[in-house]
Protein chains: 2
Amino acid sequence: MAVKKPSIHDIAREAGVGVGTVSRVLNERPNVAEATRAKVEGVMERLGYRPTFAARHIRTGRSQLFGFLTDQVTTTPFAHDLIKGAQARARQADRMLMVIDADGDDRVREQAVSNLIERGVEGIVYAAMFHHEVHVPQALHEVPTVLVDCFTLERDFASVVPDEVRGGREATERLLEEGHRRIGMVTNDLLATKYPAAVGRLEGYRAALDAAGVAYDAELVREGLGNADSGYRFAHDLLDLDDPPTAFFFGTDRMAMGAYFAFAERGLRVPDDVSVVGFDDQHYIADALRPALTTMALPHSAMGRWAVDHLLTAPWGDDRLPLQRRLPCPIVERGSVGPVPASDAGEEP
Amino acid sequence: MAVKKPSIHDIAREAGVGVGTVSRVLNERPNVAEATRAKVEGVMERLGYRPTFAARHIRTGRSQLFGFLTDQVTTTPFAHDLIKGAQARARQADRMLMVIDADGDDRVREQAVSNLIERGVEGIVYAAMFHHEVHVPQALHEVPTVLVDCFTLERDFASVVPDEVRGGREATERLLEEGHRRIGMVTNDLLATKYPAAVGRLEGYRAALDAAGVAYDAELVREGLGNADSGYRFAHDLLDLDDPPTAFFFGTDRMAMGAYFAFAERGLRVPDDVSVVGFDDQHYIADALRPALTTMALPHSAMGRWAVDHLLTAPWGDDRLPLQRRLPCPIVERGSVGPVPASDAGEEP
DNA sequence: AGTTCCACTGGAATCGGTTCCACGAGGGAG
DNA sequence: CTCCCTCGTGGAACCGATTCCAGTGGAACT
């Protein structure tokens, strides 16, 4: 350890001015003579001065800090997009983000919230890695909070989630628009209707068919588990039907990936023989498939950005109902959707 | 805004004690009478008191904070494991982690380092998302720093990286041990020997062959680009050889994934007809493939943990050469490696 | 010449903690 | 009974910034 870091007093003494003047220079206040400013800045430069943020914080009460807390264990690759989105918005506003991975442990999570509050955060983003209902630490009520990709049953926090229904509808519409009428769907785990990602996407699928005047056929819908095996198995199942689908909508990209292997085994080419739309835009999968997979992107970055933006701009004093926001899942066109194959096209009027 | 948050002085007044006593209770010092402690704690509870971290920080000089700064744009799913590892170790030591995604912008990065220093971090972890040489902001010299998955040419910072050579050797050994002698390898982009992930893994491959007394055959080695297409194309290429390989070692899981499609097209089953080892353990790919892919895991979590541990425990005063640490890449056994197929086994003595 | 105004400046008070010194009470030893 | 030590305690000083009030000196105005 060489020497103690210089403080504003050291600068003042060295420059032969008062501490107030140094502070004014530091904060670029207008009422400082140019000569004085230059002198002070010279001394700062020479001594390698850096302001101490904590001192400013304690005096002004502004921490310029937001907390970002993740729910549960997060082995998904989504976390990072979320953080990036949140951080991008925070940086615009000259704020920093304290990220904490709560690791699925309730006590860790409570502890983390306490820590963040003690560090004076101006708000907290509480993010789940898949869309579901959550129970959050009580202390979150002490500070402005936005829930991301999740919600409480009581709706007592602002929240932002993907618009699953609309995503499911648009995915299906994309296939309808190419002329497909027999569209197979494999949903995520519907598990007691708890997961919006499963229920909502299926609802969107039905809505799109309705709007297009295509009758819903329960035989074309299977309940998968979200993994590659489900996609593989149910793709085979559906293709074994008497009147098999010409297109598939999978509730996850991983299921779509499993299905690709089923297609390969049957000698079916994507998108010539069969069209596919996935969901999630896990681009390390979607990009790597051959052909690359057209899929619905979860708006992780946008949700992260929205959350911080809301923390920055929403009026936190009043008692209005916390905003519940849905963000669209844009389609990412790659190469897995094509027109109905000629042999099937005859079915069209 | 209801009322001002209570400070230690409010607690002292309310409890009829001095501020020193409140501070002692807060810090669980032994020399406080039990009755006093109870009384003070009661008042704290009643007033919903929370200490202000910044005040403690400014007085004690301890920020209990580390910075975590990422290099470049990080669209990889690895970032999160790294952060989790670092954070787990930080939490053990009761520290927090400030994560900043520098987004590939030099000025943002410099700014971030300044911010972190002004916030009084006790050290900074500078993490790349793939193993390469980096140029870091000058200001990092002002504070203890560990480089993760990267290094400077001058070796003037402590650094921790994956042991690529050993990983390549062990991957190859796994195949040799099943009796394979013709082992194809597709490397990452070797680009002017800049990337240890490419050069090192190949070196390991050669070392393993050497040790097993298997002659190196340049024909079996191709230089890919790390993506699925490379794997697909070179798998076909290698299988077209007169004496094709019975096993493959791919420098990335994505290339292995591409190869799976080539195998499927040729009716080759993994691992019965052909064995595969990947690298990276991108488990969303490796798990989803059928059969799941045996691959070498990049020790992201361990590197993150090591980095923070080093910041905590290394002696930062002295001028010894900064530690350059290599961490092993453990093999993750899934289902893509099997013995040499019977039809080829005849070649063995 | 006297007054007013303005630009600029110094420094005390303050934020919410920690730390240290001084002090009073009580107990044990001599 | 005195001395000393320990335990528990109060409160001033301090950490490094910001903020505000009270000057100071000179220019402009009357």
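Convention: sequence-line order gives letters A, B, ...; per-chain numbering from 1.
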For the pair made of [atom1] in [X] and [atom2] in [N], what is the distance, rounded to whole Å?
{"X": "R56(B)", "N": "dG16(D)", "atom1": "CZ", "atom2": "C1'", "value": "18 Å"}
{"X": "R119(A)", "N": "dG17(C)", "atom1": "CZ", "atom2": "P", "value": "14 Å"}
{"X": "H57(B)", "N": "dG17(C)", "atom1": "NE2", "atom2": "C1'", "value": "12 Å"}
{"X": "H9(B)", "N": "dG10(D)", "atom1": "NE2", "atom2": "C1'", "value": "12 Å"}
{"X": "E28(B)", "N": "dT18(C)", "atom1": "CD", "atom2": "P", "value": "12 Å"}
{"X": "Q64(A)", "N": "dA17(D)", "atom1": "CD", "atom2": "P", "value": "16 Å"}
{"X": "I8(B)", "N": "dG11(D)", "atom1": "CD1", "atom2": "P", "value": "14 Å"}
{"X": "R13(B)", "N": "dG11(D)", "atom1": "CZ", "atom2": "C1'", "value": "15 Å"}

Which part of the nucleic acid, if any, lies within reach of [X] when heavy atoms closer than 4.0 Å are counted: base, sugar-phosphate only, or nothing?
{"X": "G16(A)", "value": "sugar-phosphate"}
{"X": "V22(B)", "value": "nothing"}
{"X": "R29(A)", "value": "sugar-phosphate"}
{"X": "T60(A)", "value": "sugar-phosphate"}
{"X": "R50(A)", "value": "sugar-phosphate"}
{"X": "V32(A)", "value": "sugar-phosphate"}

Under 4.0 Å between a side-chain N/O of [X] and OP1 or OP2 of [N], yes or no?
{"X": "S23(A)", "N": "dA17(D)", "value": "no"}
{"X": "N31(A)", "N": "dT9(C)", "value": "no"}
{"X": "R62(B)", "N": "dT18(C)", "value": "no"}
{"X": "T52(B)", "N": "dG17(C)", "value": "yes"}
{"X": "T21(A)", "N": "dT9(C)", "value": "no"}
{"X": "T36(B)", "N": "dT9(D)", "value": "yes"}

(Q) What's the separation between atom CZ in R305(B) and atom NZ in K84(B), rounded to the nearest 0.5 Å? (A) 10.5 Å
[X], nearest nucleotide to its side chain (from [options]):
{"X": "A33(B)", "options": "dG11(C), dG16(D), dG8(D)", "result": "dG8(D)"}
{"X": "R59(B)", "options": "dA13(D), dC15(C), dT9(D)", "result": "dA13(D)"}
{"X": "N27(A)", "options": "dT18(D), dC15(C), dC20(C)", "result": "dT18(D)"}

Q. Is it the case that R155(A) places NZ or CZ above or below the six-membered ring of F151(A), under 6.0 angstrom from the centre and within 45 degrees of the axis?
A. yes
**Q.** Verdict with reasoning, F157(A) to Y126(A), per ring pair (Phe, Tyr, Trp, His ring centres under 6.0 Å)
**A.** CA-CA 10 Å; F157(A) 290 98; Y126(A) 185 97; 8.4 Å; no
Q. Is a donor-acceptor pair below 3.5 Å formed from side chain R24(B) to base dG10(D), judging by atom type as modelled?
A. yes
Q: Grab the two heavy atoms, one from L311(A) and one from G123(A), that are nearest each other, plus how far apart they are.
A: CD1-C, 4.0 Å
Q) Quick check, are the ring centers of F53(A) and H57(B) under 6.0 angstrom apart? A) no
Q. When you check the side-chain N and O atoms of D101(B) and H80(A), is any donor under 3.5 Å from an acceptor?
A. yes
